[in-house]
Amino acid sequence: NWQILAERLKKYKNKKIVIFLNAAIFDRKEDNFIDKQLILNVNFFNQIKFVHKIKNFLDPEKLKIIFFSSFTIYNDKSKLPYYKISKSLFYEEFFRLKDKNENICYKLFVLAGIKTESYLKNSKRNFFNKIIDVDIDHAVDFILKKISDDDNKIIFYPKIYVFLQKLLFI
């Protein structure tokens, strides 16, 4: 409920705030229109709506918004079309917003191969993945280091996926 959250957030009015946007639900073969709409809402639209509410309600001194996307956005063979669209929208949103307000910092992490429970459950792990995938602790350390500055930027992790994507079209 927004009212309950708003009451709790009042103490952060006019402060520096960091918001991490990271939600993911995935496509399923049996998805209907409502399911597809839910994927887009949970993975993107609801998060953006939340940021706008926070921004307007708290009027923070500095707002840092951390988007999380996926290398899936580059995969033309993805079997998760609505997940891919929702994560592509973060990429588009980054470029649309990054230079509009100097009091808001945007960082976009494009991630792959992080051994989360969801990743291990939903991915087909081949020989390459078993070698290059990274554990959660390494990813967290990397992300925490990269969010410390206030520069708008896109950050790819692990970087080897950038090269593999170009070479193997993963």
Side-chain angles (χ1 to χ4, degrees), residues 16-29 31 35-36 38-51 54 62-102 104-170:
K16 291 183 179 181
I17 298 172
V18 179
I19 299 175
F20 291 84
L21 301 177
N22 186 27
I25 57 174
F26 299 93
D27 303 64
R28 297 171 304 171
K29 288 180 185 177
D31 282 350
D35 297 326
K36 293 172 183 178
L38 180 66
I39 291 167
L40 295 174
N41 284 337
V42 169
N43 291 357
F44 180 74
F45 290 109
N46 292 350
Q47 295 178 71
I48 296 302
K49 188 172 156 183
F50 176 74
V51 167
I54 294 291
K62 182 75 176 180
L63 179 60
K64 190 179 292 188
I65 301 172
I66 314 298
F67 297 130
F68 288 94
S69 187
S70 167
F71 273 92
T72 299
I73 65 176
Y74 301 114
N75 184 351
D76 292 335
K77 298 174 186 172
S78 174
K79 291 180 171 55
L80 304 168
Y82 286 84
Y83 173 79
K84 178 180 175 178
I85 291 167
S86 66
K87 294 304 178 180
S88 296
L89 288 169
F90 277 122
Y91 199 82
E92 298 295 323
E93 190 76 353
F94 173 84
F95 284 108
R96 190 177 73 76
L97 296 174
K98 71 181 184 80
D99 297 321
K100 284 196 173 184
N101 185 333
E102 64 185 41
I104 302 177
C105 168
Y106 296 94
K107 293 194 184 296
L108 171 65
F109 285 87
V110 181
L111 306 173
I114 299 172
K115 297 176 190 173
T116 63
E117 183 180 326
S118 177
Y119 175 77
L120 294 173
K121 185 174 99 178
N122 290 299
S123 67
K124 293 181 181 173
R125 299 187 66 229
N126 60 32
F127 175 74
F128 285 117
N129 293 106
K130 289 178 183 175
I131 293 171
I132 62 176
D133 288 353
V134 295
D135 64 73
I136 295 170
D137 292 335
H138 289 266
V140 168
D141 290 343
F142 177 84
I143 291 166
L144 290 175
K145 286 177 192 167
K146 293 296 182 178
I147 65 168
S148 60
D149 65 53
D150 289 339
D151 297 333
N152 294 325
K153 60 178 126 180
I154 298 175
I155 302 149
F156 297 94
Y157 184 77
K159 287 194 182 258
I160 192 159
Y161 271 84
V162 175
F163 302 110
L164 287 175
Q165 190 268 330
K166 290 178 183 175
L167 291 173
L168 304 173
F169 306 107
I170 61 169

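These figures come from a predicted structure and were not determined experimentally.
Taking the side chain as every heavy atom from C-beta outward, F50 and I19 approach each other to under 4.5 Å. Put simply, the side chain of Y74 reaches to within 4.5 Å of the side chain of V110, judged on heavy atoms. Using a 4.5 Å cut-off on side-chain heavy atoms (C-beta onward), F45 and L40 make contact. Contact of the F156 side chain with the F71 side chain is registered, since non-hydrogen atoms from C-beta on lie closer than 4.5 Å. Two residues are said to be in side-chain contact when any heavy atoms from C-beta on lie closer than 4.5 Å; N152 and C105 meet this criterion. Taking 4.5 Å as the limit, some side-chain heavy atom of K107 sits within range of a side-chain heavy atom of D149. At a threshold of 4.5 Å between non-hydrogen side-chain atoms, the residues R28 and D35 count as touching. A 4.5 Å side-chain heavy-atom check between I65 and F20 finds every atom pair outside the cut-off.
Within the structure, salt bridge (charged side-chain N to carboxylate O under 4.0 Å, His left out) contacts touching residues 85-94 (residues at least two apart or in different chains) are E93-R96.
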Problem set entry | Audit row: D31, Y82, side-chain contact (heavy atoms from CB on, under 4.5 Å) steps and yes/no | CA-CA 10 Å; D31 282 350; Y82 286 84; over 6 Å; no
For this session: Under the side-chain contact (heavy atoms from CB on, under 4.5 Å) rule, what do I114 and D133 come out as? Steps first, then yes or no, please.
Result: CA-CA 6 Å; I114 299 172; D133 288 353; over 6 Å; no
Problem set entry | Chi angles and distances behind the side-chain contact (heavy atoms from CB on, under 4.5 Å) call for F95, L108 | CA-CA 10 Å; F95 284 108; L108 171 65; 5.8 Å; no
Problem set entry | Pair L21-I48, side-chain contact (heavy atoms from CB on, under 4.5 Å): steps then yes or no | CA-CA 8 Å; L21 301 177; I48 296 302; 4.3 Å; yes
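Ion pairing between a basic and an acidic side chain is recognised when a charged N comes within 4.0 Å of a carboxylate O; D27 and K84 show no such pairing. Salt bridge K64/D150: present, at least one basic N to carboxylate O contact under 4.0 Å.
In this structure, I73 CD1 and F90 CZ are separated by 11.5 Å, a value rounded to the nearest 0.5 Å. If you take CD1 on I39 and OH on Y83, they are separated by 11.0 Å, rounding to the nearest 0.5 Å. If you take OG on S148 and CD1 on I143, they are separated by 13.0 Å, rounding to the nearest 0.5 Å. Note that the CZ atom of F94 and the CZ atom of F67 stand 8.5 Å from one another [nearest 0.5 Å]. Here CD1 of I104 is found 5.0 Å from CG of L63. Values are rounded to the nearest 0.5 Å. Taken to the nearest 0.5 Å, the CG atom of L111 stands 10.5 Å off from the OG1 atom of T72.
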Name each donor-acceptor pair under 3.5 Å that joins a side chain in residues 134-142 to protein atoms two or more places apart or in another chain, with its distance.
residue	atom	partner	partner atom	Å
D135	OD1	D137	N	3.1
D135	OD1	H138	N	3.2
D135	OD2	H138	NE2	3.4

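Aromatic rings from F68 and F109 are positioned such that their centres are separated by under 6.0 Å.
Between the side chain of D151 and the main chain of K153, no donor-acceptor pair closer than 3.5 Å is present.
For S78, the side-chain hydrogen bond (donor to acceptor under 3.5 Å, both in side chains) test picks out no residue, with sequence neighbours left out.
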